[in-house]
Amino acid sequence: MDTPDSREGWAALAAGLDIRNRAFIDGAYVDAADGRVFDCHNPATGERITQVAECDATEVDLAARAARRAFEDRRWAGLPPRQRKAVLLELASLVEAHRAELAVLESIDMGKPVADAAAVDIPLVVRTIAWYAEAIDKLYGETAPTGDHVLATITREPIGVVAAVVPWNFPLMMAAWKVGPALAVGNSVILKPAEQSPLSALRFAELAAAAGLPDGVLNVVPGHGPTAGRALGLHMDVDALAFTGSAAVGKLFLQYSAESNMKHIALECGGKSPNIVLADAGDLDEAASAAANAIFFNQGEVCMSGSRLIVEAPVREALIERIVAHARQRQPGDPLDPATRLGAMVDEAQMDRVLGFIESGQSEGARVRIGGRRALADSGGYFIEPTVFDDVDSAMTIAQEEIFGPVLSVITVEGFRDAVRVANDTPYGLAAAVWTRDISKALEASRMLRAGTVWVNCYDDDDITVPFGGYKQSGIGRDKSLHALEKYTQMKTTWIRF
Ligand code: NAD
(Lines give C-alpha, C1' and ligand atoms only; values in the text may rest on other atoms or scores of the structure.)
Protein backbone atom coordinates (compact mmCIF):
# COMPACT_ATOMS: atom_id res chain seq x y z
CA MET A 1 0.00 0.00 0.00
CA ASP A 2 1.37 3.45 -0.89
CA THR A 3 1.99 5.91 1.90
CA PRO A 4 -0.23 8.99 1.49
CA ASP A 5 1.56 12.33 1.24
CA SER A 6 -1.26 14.64 2.34
CA ARG A 7 -3.56 15.10 5.31
CA GLU A 8 -6.52 14.24 3.09
CA GLY A 9 -4.84 11.03 1.98
CA TRP A 10 -4.18 9.90 5.54
CA ALA A 11 -7.67 10.91 6.66
CA ALA A 12 -9.20 8.90 3.80
CA LEU A 13 -7.10 5.91 4.77
CA ALA A 14 -8.19 6.27 8.42
CA ALA A 15 -11.85 6.56 7.41
CA GLY A 16 -11.69 3.41 5.31
CA LEU A 17 -10.03 1.19 7.91
CA ASP A 18 -11.59 -2.12 8.78
CA ILE A 19 -10.65 -1.99 12.44
CA ARG A 20 -10.09 -5.22 14.36
CA ASN A 21 -11.57 -4.78 17.81
CA ARG A 22 -11.94 -8.28 19.23
CA ALA A 23 -9.44 -10.32 21.22
CA PHE A 24 -7.26 -12.75 19.28
CA ILE A 25 -7.10 -16.12 21.03
CA ASP A 26 -6.09 -19.50 19.62
CA GLY A 27 -5.96 -18.22 16.06
CA ALA A 28 -9.34 -16.47 15.96
CA TYR A 29 -10.95 -13.17 16.87
CA VAL A 30 -13.29 -13.62 19.83
CA ASP A 31 -15.55 -11.43 21.93
CA ALA A 32 -15.02 -11.09 25.64
CA ALA A 33 -17.41 -13.09 27.84
CA ASP A 34 -20.76 -11.31 28.21
CA GLY A 35 -19.75 -9.04 25.31
CA ARG A 36 -17.81 -6.66 27.58
CA VAL A 37 -16.19 -3.79 25.64
CA PHE A 38 -14.32 -0.58 26.35
CA ASP A 39 -14.22 2.62 24.31
CA CYS A 40 -11.22 3.49 22.21
CA HIS A 41 -10.80 7.22 21.50
CA ASN A 42 -8.83 9.30 19.04
CA PRO A 43 -6.87 11.71 21.29
CA ALA A 44 -6.57 14.27 18.49
CA THR A 45 -10.35 14.74 18.34
CA GLY A 46 -11.73 13.15 21.50
CA GLU A 47 -14.04 11.07 19.31
CA ARG A 48 -14.70 7.39 19.81
CA ILE A 49 -13.06 5.20 17.17
CA THR A 50 -14.50 1.86 18.19
CA GLN A 51 -15.29 -0.38 21.13
CA VAL A 52 -12.80 -3.10 21.93
CA ALA A 53 -13.33 -6.46 23.63
CA GLU A 54 -12.53 -6.02 27.30
CA CYS A 55 -10.58 -9.04 28.42
CA ASP A 56 -10.09 -9.93 32.05
CA ALA A 57 -9.10 -13.06 33.98
CA THR A 58 -11.49 -15.25 31.96
CA GLU A 59 -10.00 -14.41 28.55
CA VAL A 60 -6.48 -14.35 29.98
CA ASP A 61 -7.03 -17.91 31.15
CA LEU A 62 -8.36 -18.96 27.73
CA ALA A 63 -5.30 -17.39 26.09
CA ALA A 64 -2.96 -19.07 28.58
CA ARG A 65 -4.53 -22.46 27.88
CA ALA A 66 -4.24 -21.97 24.13
CA ALA A 67 -0.65 -20.82 24.48
CA ARG A 68 0.20 -23.80 26.71
CA ARG A 69 -1.37 -26.29 24.28
CA ALA A 70 0.56 -24.75 21.41
CA PHE A 71 3.78 -24.92 23.37
CA GLU A 72 3.34 -28.46 24.65
CA ASP A 73 2.53 -30.02 21.28
CA ARG A 74 5.61 -28.28 19.83
CA ARG A 75 3.76 -26.97 16.78
CA TRP A 76 6.05 -23.93 16.90
CA ALA A 77 8.87 -24.67 19.36
CA GLY A 78 9.47 -27.99 17.61
CA LEU A 79 10.05 -26.50 14.16
CA PRO A 80 13.62 -26.24 12.92
CA PRO A 81 14.83 -22.68 13.55
CA ARG A 82 15.04 -22.01 9.81
CA GLN A 83 11.30 -22.68 9.51
CA ARG A 84 10.47 -20.31 12.35
CA LYS A 85 12.76 -17.85 10.64
CA ALA A 86 10.81 -18.15 7.38
CA VAL A 87 7.49 -17.44 9.12
CA LEU A 88 8.87 -14.45 11.00
CA LEU A 89 10.49 -13.03 7.87
CA GLU A 90 7.13 -13.33 6.14
CA LEU A 91 5.53 -11.53 9.09
CA ALA A 92 8.11 -8.74 8.80
CA SER A 93 7.34 -8.34 5.11
CA LEU A 94 3.58 -8.30 5.76
CA VAL A 95 4.06 -5.54 8.34
CA GLU A 96 6.11 -3.64 5.78
CA ALA A 97 3.39 -4.15 3.17
CA HIS A 98 0.81 -2.75 5.63
CA ARG A 99 3.01 0.11 6.80
CA ALA A 100 0.57 2.89 5.97
CA GLU A 101 -2.40 1.12 7.54
CA LEU A 102 -0.49 0.30 10.74
CA ALA A 103 0.95 3.81 10.91
CA VAL A 104 -2.45 5.43 10.69
CA LEU A 105 -3.82 3.02 13.30
CA GLU A 106 -1.03 4.10 15.69
CA SER A 107 -1.72 7.74 14.95
CA ILE A 108 -5.48 7.74 15.51
CA ASP A 109 -5.14 5.44 18.52
CA MET A 110 -2.51 7.34 20.51
CA GLY A 111 -2.08 10.73 18.86
CA LYS A 112 1.43 10.54 17.41
CA PRO A 113 2.19 12.25 14.09
CA VAL A 114 1.39 9.78 11.35
CA ALA A 115 4.58 10.78 9.53
CA ASP A 116 6.63 9.56 12.52
CA ALA A 117 4.63 6.35 12.80
CA ALA A 118 5.26 5.63 9.11
CA ALA A 119 8.93 6.65 9.12
CA VAL A 120 10.00 5.41 12.55
CA ASP A 121 7.62 3.08 14.41
CA ILE A 122 6.59 0.65 11.70
CA PRO A 123 10.00 0.34 9.99
CA LEU A 124 11.50 -0.42 13.41
CA VAL A 125 8.88 -3.11 13.98
CA VAL A 126 9.84 -4.65 10.64
CA ARG A 127 13.53 -4.50 11.48
CA THR A 128 13.01 -6.00 14.94
CA ILE A 129 11.01 -8.99 13.71
CA ALA A 130 13.35 -9.59 10.77
CA TRP A 131 16.49 -9.23 12.91
CA TYR A 132 15.38 -11.87 15.43
CA ALA A 133 14.21 -14.10 12.60
CA GLU A 134 17.68 -13.87 11.04
CA ALA A 135 19.41 -14.43 14.37
CA ILE A 136 17.61 -17.55 15.39
CA ASP A 137 19.32 -20.13 13.19
CA LYS A 138 22.76 -18.81 14.14
CA LEU A 139 22.73 -19.47 17.87
CA TYR A 140 24.74 -22.35 19.27
CA GLY A 141 24.92 -24.04 22.65
CA GLU A 142 28.03 -24.81 24.70
CA THR A 143 30.02 -27.82 25.79
CA ALA A 144 31.55 -27.62 29.27
CA PRO A 145 35.24 -28.48 29.87
CA THR A 146 34.47 -31.57 31.97
CA GLY A 147 37.26 -34.09 31.22
CA ASP A 148 37.23 -37.70 30.01
CA HIS A 149 34.19 -39.99 29.81
CA VAL A 150 31.65 -37.34 30.39
CA LEU A 151 30.01 -34.75 28.19
CA ALA A 152 28.11 -31.80 29.63
CA THR A 153 26.14 -29.71 27.17
CA ILE A 154 24.56 -26.37 27.93
CA THR A 155 21.57 -25.53 25.78
CA ARG A 156 19.05 -22.74 25.79
CA GLU A 157 15.39 -23.73 25.64
CA PRO A 158 12.30 -21.60 25.18
CA ILE A 159 10.78 -20.79 28.53
CA GLY A 160 7.18 -21.74 27.58
CA VAL A 161 4.29 -19.30 27.85
CA VAL A 162 5.47 -15.70 27.82
CA ALA A 163 3.23 -12.73 28.56
CA ALA A 164 4.09 -9.27 27.25
CA VAL A 165 2.42 -6.25 28.85
CA VAL A 166 3.21 -3.08 26.97
CA PRO A 167 2.53 0.69 27.12
CA TRP A 168 0.89 3.07 24.69
CA ASN A 169 3.71 5.35 23.62
CA PHE A 170 5.08 3.14 20.82
CA PRO A 171 2.34 0.50 20.82
CA LEU A 172 3.55 -1.88 18.13
CA MET A 173 7.24 -1.21 18.54
CA MET A 174 7.21 -2.01 22.26
CA ALA A 175 5.24 -5.14 21.43
CA ALA A 176 7.75 -6.13 18.73
CA TRP A 177 10.71 -5.74 21.09
CA LYS A 178 9.15 -8.52 23.17
CA VAL A 179 7.15 -10.61 20.74
CA GLY A 180 10.00 -10.76 18.18
CA PRO A 181 12.63 -12.46 20.37
CA ALA A 182 10.09 -14.45 22.39
CA LEU A 183 8.59 -16.03 19.27
CA ALA A 184 11.92 -16.48 17.54
CA VAL A 185 13.18 -18.87 20.20
CA GLY A 186 9.95 -20.89 20.18
CA ASN A 187 7.76 -19.57 22.99
CA SER A 188 4.03 -19.05 22.89
CA VAL A 189 3.08 -15.46 23.64
CA ILE A 190 0.16 -13.59 25.17
CA LEU A 191 0.34 -9.90 24.38
CA LYS A 192 -1.59 -7.32 26.36
CA PRO A 193 -1.52 -3.94 24.67
CA ALA A 194 -2.23 -0.82 26.73
CA GLU A 195 -5.93 -0.01 26.98
CA GLN A 196 -5.25 3.36 25.33
CA SER A 197 -3.77 1.77 22.19
CA PRO A 198 -4.90 -1.78 21.44
CA LEU A 199 -5.63 -1.48 17.71
CA SER A 200 -2.29 -2.13 16.01
CA ALA A 201 -1.59 -5.20 18.14
CA LEU A 202 -4.94 -6.71 17.16
CA ARG A 203 -4.19 -6.21 13.47
CA PHE A 204 -0.65 -7.52 13.93
CA ALA A 205 -2.02 -10.82 15.29
CA GLU A 206 -3.92 -11.37 12.05
CA LEU A 207 -0.82 -10.62 9.99
CA ALA A 208 1.14 -13.13 12.09
CA ALA A 209 -1.47 -15.79 11.37
CA ALA A 210 -1.35 -14.94 7.66
CA ALA A 211 2.43 -15.32 7.77
CA GLY A 212 1.99 -18.90 8.98
CA LEU A 213 2.25 -18.61 12.76
CA PRO A 214 0.30 -21.58 14.13
CA ASP A 215 -2.87 -21.05 16.19
CA GLY A 216 -2.34 -20.31 19.86
CA VAL A 217 1.27 -19.20 19.45
CA LEU A 218 0.41 -15.49 19.53
CA ASN A 219 -2.63 -14.33 21.46
CA VAL A 220 -3.69 -10.72 22.02
CA VAL A 221 -5.85 -9.81 25.01
CA PRO A 222 -6.87 -6.14 25.07
CA GLY A 223 -8.03 -4.95 28.47
CA HIS A 224 -7.25 -2.84 31.49
CA GLY A 225 -4.13 -3.10 33.61
CA PRO A 226 -5.70 -3.84 36.98
CA THR A 227 -7.80 -6.66 35.46
CA ALA A 228 -6.20 -8.23 32.35
CA GLY A 229 -2.64 -7.14 33.23
CA ARG A 230 -2.97 -8.32 36.81
CA ALA A 231 -4.49 -11.64 35.69
CA LEU A 232 -1.45 -12.28 33.50
CA GLY A 233 0.87 -11.39 36.36
CA LEU A 234 -0.90 -13.76 38.73
CA HIS A 235 -1.54 -16.59 36.27
CA MET A 236 -0.07 -19.89 37.47
CA ASP A 237 0.67 -21.10 33.94
CA VAL A 238 2.50 -18.08 32.55
CA ASP A 239 6.22 -18.82 32.79
CA ALA A 240 7.68 -15.40 32.11
CA LEU A 241 6.37 -11.90 31.86
CA ALA A 242 8.05 -9.04 30.06
CA PHE A 243 6.73 -5.61 30.96
CA THR A 244 7.29 -2.11 29.68
CA GLY A 245 5.62 0.72 31.51
CA SER A 246 5.81 2.76 34.67
CA ALA A 247 8.04 1.84 37.60
CA ALA A 248 5.00 1.71 39.91
CA VAL A 249 3.31 -0.98 37.81
CA GLY A 250 6.65 -2.74 37.26
CA LYS A 251 6.90 -3.21 41.01
CA LEU A 252 3.40 -4.71 41.05
CA PHE A 253 4.55 -7.40 38.62
CA LEU A 254 7.28 -8.43 41.03
CA GLN A 255 4.58 -8.82 43.66
CA TYR A 256 2.28 -10.77 41.32
CA SER A 257 5.13 -13.14 40.59
CA ALA A 258 5.86 -13.66 44.27
CA GLU A 259 2.19 -14.28 44.98
CA SER A 260 1.79 -16.81 42.17
CA ASN A 261 4.30 -19.12 40.48
CA MET A 262 7.58 -17.16 40.70
CA LYS A 263 7.37 -16.43 36.97
CA HIS A 264 10.41 -14.69 35.52
CA ILE A 265 9.85 -10.94 35.38
CA ALA A 266 11.65 -8.54 33.06
CA LEU A 267 10.95 -4.83 33.50
CA GLU A 268 11.56 -1.86 31.24
CA CYS A 269 10.34 1.07 33.27
CA GLY A 270 10.49 4.81 33.22
CA GLY A 271 13.27 7.35 33.17
CA LYS A 272 14.25 10.90 33.95
CA SER A 273 17.21 10.95 31.66
CA PRO A 274 19.85 13.65 32.02
CA ASN A 275 21.27 15.35 28.96
CA ILE A 276 24.48 17.08 30.10
CA VAL A 277 25.89 19.92 28.02
CA LEU A 278 29.33 21.01 29.23
CA ALA A 279 30.86 24.38 28.46
CA ASP A 280 33.25 22.75 25.98
CA ALA A 281 30.42 21.07 24.02
CA GLY A 282 31.47 22.75 20.80
CA ASP A 283 28.65 22.99 18.27
CA LEU A 284 25.70 24.30 20.30
CA ASP A 285 23.39 24.21 17.28
CA GLU A 286 23.76 20.47 17.12
CA ALA A 287 23.41 20.03 20.89
CA ALA A 288 20.28 22.21 20.93
CA SER A 289 18.68 20.41 18.03
CA ALA A 290 19.34 17.03 19.69
CA ALA A 291 18.09 18.31 23.05
CA ALA A 292 14.85 19.58 21.49
CA ASN A 293 14.27 16.34 19.67
CA ALA A 294 15.08 14.40 22.83
CA ILE A 295 12.18 16.01 24.68
CA PHE A 296 9.64 16.89 21.97
CA PHE A 297 9.73 13.76 19.79
CA ASN A 298 6.56 11.67 20.32
CA GLN A 299 5.16 14.51 22.50
CA GLY A 300 7.79 13.68 25.11
CA GLU A 301 6.01 10.36 25.69
CA VAL A 302 9.30 8.51 25.44
CA CYS A 303 10.86 6.50 28.25
CA MET A 304 14.35 7.71 27.39
CA SER A 305 13.37 11.30 26.65
CA GLY A 306 16.03 13.81 27.66
CA SER A 307 13.76 15.46 30.18
CA ARG A 308 16.52 17.05 32.27
CA LEU A 309 18.94 19.36 30.50
CA ILE A 310 21.92 19.80 32.78
CA VAL A 311 24.00 22.65 31.49
CA GLU A 312 27.17 24.44 32.56
CA ALA A 313 26.57 28.11 33.25
CA PRO A 314 28.72 29.62 30.45
CA VAL A 315 26.66 28.01 27.65
CA ARG A 316 23.28 27.97 29.33
CA GLU A 317 21.69 31.06 27.79
CA ALA A 318 22.93 30.34 24.27
CA LEU A 319 21.63 26.79 24.50
CA ILE A 320 18.22 27.68 25.94
CA GLU A 321 17.66 30.33 23.26
CA ARG A 322 18.28 27.75 20.58
CA ILE A 323 16.01 25.15 22.18
CA VAL A 324 13.25 27.74 22.59
CA ALA A 325 13.57 28.51 18.87
CA HIS A 326 13.09 24.81 18.10
CA ALA A 327 10.04 24.71 20.40
CA ARG A 328 8.54 27.69 18.58
CA GLN A 329 8.88 25.80 15.29
CA ARG A 330 7.40 22.65 16.72
CA GLN A 331 3.89 23.63 17.74
CA PRO A 332 1.25 20.90 18.04
CA GLY A 333 -0.84 20.06 15.00
CA ASP A 334 -3.19 17.51 13.47
CA PRO A 335 -1.35 14.15 13.69
CA LEU A 336 -2.68 13.20 10.25
CA ASP A 337 -0.99 16.19 8.62
CA PRO A 338 2.40 14.95 7.37
CA ALA A 339 3.92 18.31 8.33
CA THR A 340 3.01 17.88 12.01
CA ARG A 341 5.90 17.12 14.33
CA LEU A 342 4.10 17.27 17.69
CA GLY A 343 0.84 15.37 18.07
CA ALA A 344 -1.72 14.91 20.82
CA MET A 345 -1.18 13.50 24.31
CA VAL A 346 -2.52 9.96 24.53
CA ASP A 347 -5.66 10.84 26.50
CA GLU A 348 -7.24 13.48 28.68
CA ALA A 349 -5.84 11.95 31.87
CA GLN A 350 -2.28 12.14 30.54
CA MET A 351 -2.82 15.71 29.36
CA ASP A 352 -4.12 16.69 32.79
CA ARG A 353 -1.21 14.91 34.46
CA VAL A 354 1.31 16.82 32.37
CA LEU A 355 -0.48 20.14 32.96
CA GLY A 356 -0.40 19.33 36.68
CA PHE A 357 3.39 18.93 36.51
CA ILE A 358 3.64 22.26 34.68
CA GLU A 359 1.66 23.89 37.49
CA SER A 360 3.89 22.31 40.11
CA GLY A 361 6.99 23.60 38.31
CA GLN A 362 5.60 27.13 38.42
CA SER A 363 4.52 26.92 42.04
CA GLU A 364 7.90 25.52 43.11
CA GLY A 365 9.70 28.48 41.51
CA ALA A 366 10.85 27.33 38.07
CA ARG A 367 10.50 29.81 35.18
CA VAL A 368 8.62 29.00 31.96
CA ARG A 369 10.70 30.11 28.97
CA ILE A 370 8.16 28.91 26.40
CA GLY A 371 4.90 26.96 26.37
CA GLY A 372 3.15 25.74 29.50
CA ARG A 373 -0.42 25.57 28.23
CA ARG A 374 -2.94 23.36 26.56
CA ALA A 375 -3.20 23.96 22.80
CA LEU A 376 -5.80 23.45 20.04
CA ALA A 377 -8.58 22.88 22.58
CA ASP A 378 -11.20 23.60 19.86
CA SER A 379 -10.20 20.38 18.11
CA GLY A 380 -11.54 18.38 21.06
CA GLY A 381 -8.08 16.81 21.32
CA TYR A 382 -5.47 16.78 24.06
CA PHE A 383 -2.57 18.93 22.90
CA ILE A 384 0.11 20.62 24.99
CA GLU A 385 2.57 23.30 23.89
CA PRO A 386 6.24 22.35 23.91
CA THR A 387 7.44 23.69 27.24
CA VAL A 388 10.85 24.72 28.58
CA PHE A 389 11.44 25.40 32.27
CA ASP A 390 14.54 27.30 33.36
CA ASP A 391 15.84 27.87 36.93
CA VAL A 392 14.99 24.31 37.89
CA ASP A 393 16.47 22.87 41.06
CA SER A 394 17.20 19.16 41.18
CA ALA A 395 14.93 18.73 44.22
CA MET A 396 11.84 20.07 42.41
CA THR A 397 9.05 17.71 41.42
CA ILE A 398 9.58 18.46 37.71
CA ALA A 399 13.24 17.44 38.08
CA GLN A 400 12.51 14.21 39.92
CA GLU A 401 9.35 12.70 38.46
CA GLU A 402 8.75 11.31 35.02
CA ILE A 403 6.38 13.76 33.32
CA PHE A 404 6.01 11.86 30.04
CA GLY A 405 5.13 14.99 28.11
CA PRO A 406 6.87 17.74 26.08
CA VAL A 407 8.29 19.46 29.16
CA LEU A 408 12.00 20.16 29.54
CA SER A 409 13.60 21.07 32.87
CA VAL A 410 16.85 23.03 32.59
CA ILE A 411 19.18 22.74 35.58
CA THR A 412 22.31 24.90 35.65
CA VAL A 413 25.44 23.43 37.23
CA GLU A 414 28.94 24.59 38.14
CA GLY A 415 31.40 22.21 36.52
CA PHE A 416 31.70 18.59 35.50
CA ARG A 417 31.47 16.93 38.95
CA ASP A 418 28.34 18.88 39.78
CA ALA A 419 26.81 17.87 36.44
CA VAL A 420 27.38 14.17 37.08
CA ARG A 421 26.13 14.42 40.66
CA VAL A 422 22.88 16.08 39.53
CA ALA A 423 22.53 13.62 36.64
CA ASN A 424 22.58 10.68 39.06
CA ASP A 425 20.20 12.37 41.50
CA THR A 426 16.94 10.53 40.65
CA PRO A 427 15.63 7.01 41.29
CA TYR A 428 15.91 6.28 37.56
CA GLY A 429 18.80 5.16 35.36
CA LEU A 430 17.53 4.46 31.86
CA ALA A 431 19.74 6.68 29.72
CA ALA A 432 22.04 9.70 29.90
CA ALA A 433 24.00 11.89 27.50
CA VAL A 434 27.01 14.13 27.71
CA TRP A 435 28.19 16.76 25.22
CA THR A 436 31.88 17.62 25.42
CA ARG A 437 34.94 17.82 23.17
CA ASP A 438 37.15 16.52 25.98
CA ILE A 439 37.64 12.75 25.57
CA SER A 440 38.64 12.31 29.21
CA LYS A 441 35.47 13.94 30.46
CA ALA A 442 33.41 11.89 28.00
CA LEU A 443 34.93 8.63 29.21
CA GLU A 444 34.72 9.59 32.84
CA ALA A 445 31.08 10.59 32.47
CA SER A 446 30.30 7.31 30.79
CA ARG A 447 31.83 5.49 33.78
CA MET A 448 30.14 7.61 36.42
CA LEU A 449 26.64 7.93 34.97
CA ARG A 450 24.37 5.27 36.42
CA ALA A 451 22.37 4.51 33.30
CA GLY A 452 21.86 1.59 30.95
CA THR A 453 22.74 3.72 27.91
CA VAL A 454 25.15 6.66 27.75
CA TRP A 455 25.36 8.81 24.63
CA VAL A 456 28.37 11.00 23.95
CA ASN A 457 27.82 13.96 21.61
CA CYS A 458 24.51 12.52 20.43
CA TYR A 459 21.12 11.67 21.86
CA ASP A 460 18.85 8.80 21.03
CA ASP A 461 21.18 6.87 18.71
CA ASP A 462 19.62 3.49 18.55
CA ASP A 463 19.73 0.13 16.81
CA ILE A 464 18.27 -3.32 17.34
CA THR A 465 21.84 -4.62 17.68
CA VAL A 466 22.40 -2.87 21.03
CA PRO A 467 20.81 -3.78 24.36
CA PHE A 468 18.41 -1.32 25.94
CA GLY A 469 17.29 -1.18 29.56
CA GLY A 470 17.77 0.51 32.84
CA TYR A 471 19.82 0.80 35.99
CA LYS A 472 18.16 1.49 39.34
CA GLN A 473 14.35 1.77 39.15
CA SER A 474 14.34 1.93 35.37
CA GLY A 475 14.13 -1.81 35.17
CA ILE A 476 15.49 -5.31 35.26
CA GLY A 477 16.82 -7.01 32.13
CA ARG A 478 17.43 -5.79 28.61
CA ASP A 479 15.37 -5.54 25.44
CA LYS A 480 16.91 -5.70 21.94
CA SER A 481 20.12 -7.37 20.76
CA LEU A 482 20.95 -11.01 21.43
CA HIS A 483 20.91 -10.23 25.17
CA ALA A 484 17.12 -10.01 25.03
CA LEU A 485 17.03 -13.72 24.29
CA GLU A 486 18.30 -14.40 27.81
CA LYS A 487 14.90 -13.56 29.23
CA TYR A 488 12.95 -15.70 26.77
CA THR A 489 15.05 -18.83 27.25
CA GLN A 490 16.25 -20.92 30.12
CA MET A 491 19.51 -22.74 30.38
CA LYS A 492 19.70 -26.51 30.53
CA THR A 493 22.72 -28.60 31.45
CA THR A 494 22.78 -32.23 30.30
CA TRP A 495 25.41 -34.66 31.66
CA ILE A 496 26.23 -37.71 29.57
CA ARG A 497 28.59 -40.42 30.86
CA PHE A 498 30.22 -42.71 28.32
P1 NAD B 1 1.62 1.88 32.81
O2 NAD B 1 2.62 1.29 33.73
O3 NAD B 1 0.47 2.59 33.38
O4 NAD B 1 1.00 0.75 31.87
C5 NAD B 1 1.80 -0.13 31.14
C6 NAD B 1 1.04 -1.42 30.95
O7 NAD B 1 0.77 -1.98 32.23
C8 NAD B 1 -0.31 -1.25 30.26
O9 NAD B 1 -0.52 -2.34 29.40
C10 NAD B 1 -1.28 -1.28 31.41
O11 NAD B 1 -2.56 -1.76 31.06
C12 NAD B 1 -0.61 -2.24 32.38
N13 NAD B 1 -1.01 -2.00 33.76
C14 NAD B 1 -1.39 -0.82 34.33
N15 NAD B 1 -1.74 -1.02 35.61
C16 NAD B 1 -1.57 -2.34 35.87
C17 NAD B 1 -1.78 -3.15 37.02
N18 NAD B 1 -2.25 -2.64 38.16
N19 NAD B 1 -1.51 -4.48 36.92
C20 NAD B 1 -1.06 -4.99 35.76
N21 NAD B 1 -0.87 -4.29 34.64
C22 NAD B 1 -1.11 -2.97 34.69
O23 NAD B 1 2.46 2.77 31.83
P24 NAD B 1 1.92 3.65 30.63
O25 NAD B 1 1.33 4.87 31.23
O26 NAD B 1 1.11 2.83 29.70
O27 NAD B 1 3.29 3.98 29.85
C28 NAD B 1 4.13 4.96 30.26
C29 NAD B 1 5.27 4.39 31.08
O30 NAD B 1 5.98 3.40 30.32
C31 NAD B 1 6.30 5.43 31.41
O32 NAD B 1 6.70 5.30 32.75
C33 NAD B 1 7.44 5.12 30.46
O34 NAD B 1 8.67 5.58 30.86
C35 NAD B 1 7.37 3.66 30.40
N36 NAD B 1 8.07 3.16 29.20
C37 NAD B 1 9.28 2.53 29.35
C38 NAD B 1 9.97 2.07 28.23
C39 NAD B 1 11.29 1.38 28.38
O40 NAD B 1 11.71 0.72 27.44
N41 NAD B 1 11.97 1.47 29.51
C42 NAD B 1 9.42 2.23 26.97
C43 NAD B 1 8.20 2.88 26.84
C44 NAD B 1 7.53 3.32 27.98
Side-chain angles (χ1 to χ4, degrees), residues 112 116 119-121 124 169-170 173 268 270-312 315-316 318-327 329-330 341-342 386-389 392 399 402-413 416 419-420 422-424 426 428-439 441-471 474 479-480:
K112 70 172 64 204
D116 289 346
V120 180
D121 293 53
L124 287 177
N169 58 342
F170 295 92
M173 198 169 108
E268 295 285 349
K272 191 73 191 170
S273 299
N275 184 13
I276 302 174
V277 181
L278 297 177
D280 63 2
D283 185 350
L284 285 188
D285 288 336
E286 201 187 331
S289 162
N293 211 41
I295 187 64
F296 301 138
F297 177 65
N298 212 49
Q299 302 73 246
E301 296 164 327
V302 181
C303 53
M304 69 234 202
S305 75
S307 50
R308 290 184 299 147
L309 183 70
I310 297 173
V311 57
E312 269 195 288
V315 286
R316 158 202 157 151
L319 191 66
I320 294 180
E321 276 169 15
R322 286 167 169 81
I323 295 172
V324 165
H326 280 285
Q329 298 289 315
R330 201 165 181 151
R341 295 180 64 215
L342 192 74
T387 301
V388 177
F389 272 108
V392 177
E402 186 178 39
I403 298 176
F404 229 54
V407 181
L408 179 65
S409 297
V410 183
I411 305 172
T412 308
V413 289
F416 175 70
V420 172
V422 170
N424 285 334
T426 76
Y428 295 110
L430 192 56
V434 61
W435 295 77
T436 177
R437 294 287 143 199
D438 180 335
I439 184 74
K441 282 185 190 162
L443 291 172
E444 202 176 343
S446 151
R447 286 265 166 88
M448 291 167 69
L449 288 167
R450 295 185 64 203
T453 295
V454 175
W455 290 290
V456 177
N457 295 331
C458 56
Y459 201 99
D460 210 8
D461 278 36
D462 176 50
D463 194 66
I464 188 67
T465 53
V466 294
F468 180 74
Y471 280 27
S474 286
D479 274 329
K480 302 167 60 195

Which atoms form the tightest heavy-atom contact between [X] and [Y], and what is the distance?
X	Y	value
P386	F296	CB-CE2, 3.5 Å
I323	A291	CD1-CB, 3.8 Å
K480	V466	CB-O, 3.3 Å
C458	D461	CB-OD1, 3.6 Å
I276	A419	CG2-CB, 3.8 Å
S273	L430	OG-CB, 4.2 Å

Under 3.5 Å donor-acceptor, [X] side chain and [Y] backbone:
X	Y	value
R308	K272	yes
N275	A432	no
E402	G271	yes
S474	G270	yes
R447	L443	no
Y459	G306	yes
N298	E301	yes
K112	N169	yes

How far apart are the C-alpha atoms of L284 and V277, what are their side-chain angles, what is the distance that settles it, and do they pass the side chain to side chain contact (heavy atoms under 4.5 Å, CB included) test?
CA-CA 9 Å; L284 285 188; V277 181; 4.3 Å; yes
Answer whether the closest heavy-atom distance between the side chains of L319 and L309 falls below 4.5 Å.
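When only atoms from C-beta onward are counted, L309 and L319 do touch, with a gap below 4.5 Å.
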L124 and F170, any side-chain heavy atoms less than 4.5 Å apart:
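They are not in side-chain contact.
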Measure the spacing between [atom1] of [X] and [atom2] of [Y] and express it to the nearest 0.5 Å.
X	Y	atom1	atom2	value
D280	T436	CG	OG1	3.0 Å
F297	R330	CZ	CZ	8.0 Å
K441	M448	NZ	CE	12.5 Å
L449	W455	CG	CH2	12.0 Å
S307	I295	OG	CD1	5.0 Å

Show your working on side chain to side chain contact (heavy atoms under 4.5 Å, CB included) between W435 and E312 and close with a plain yes or no.
CA-CA 11 Å; W435 295 77; E312 269 195 288; over 6 Å; no
Flag if over 12 foreign heavy atoms under 6.0 Å of CZ, R341
no
Got a sec: does the CZ of R450 have more than 12 other heavy atoms crowding it under 6.0 Å?
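Not more than 12 within 6.0 Å, no.
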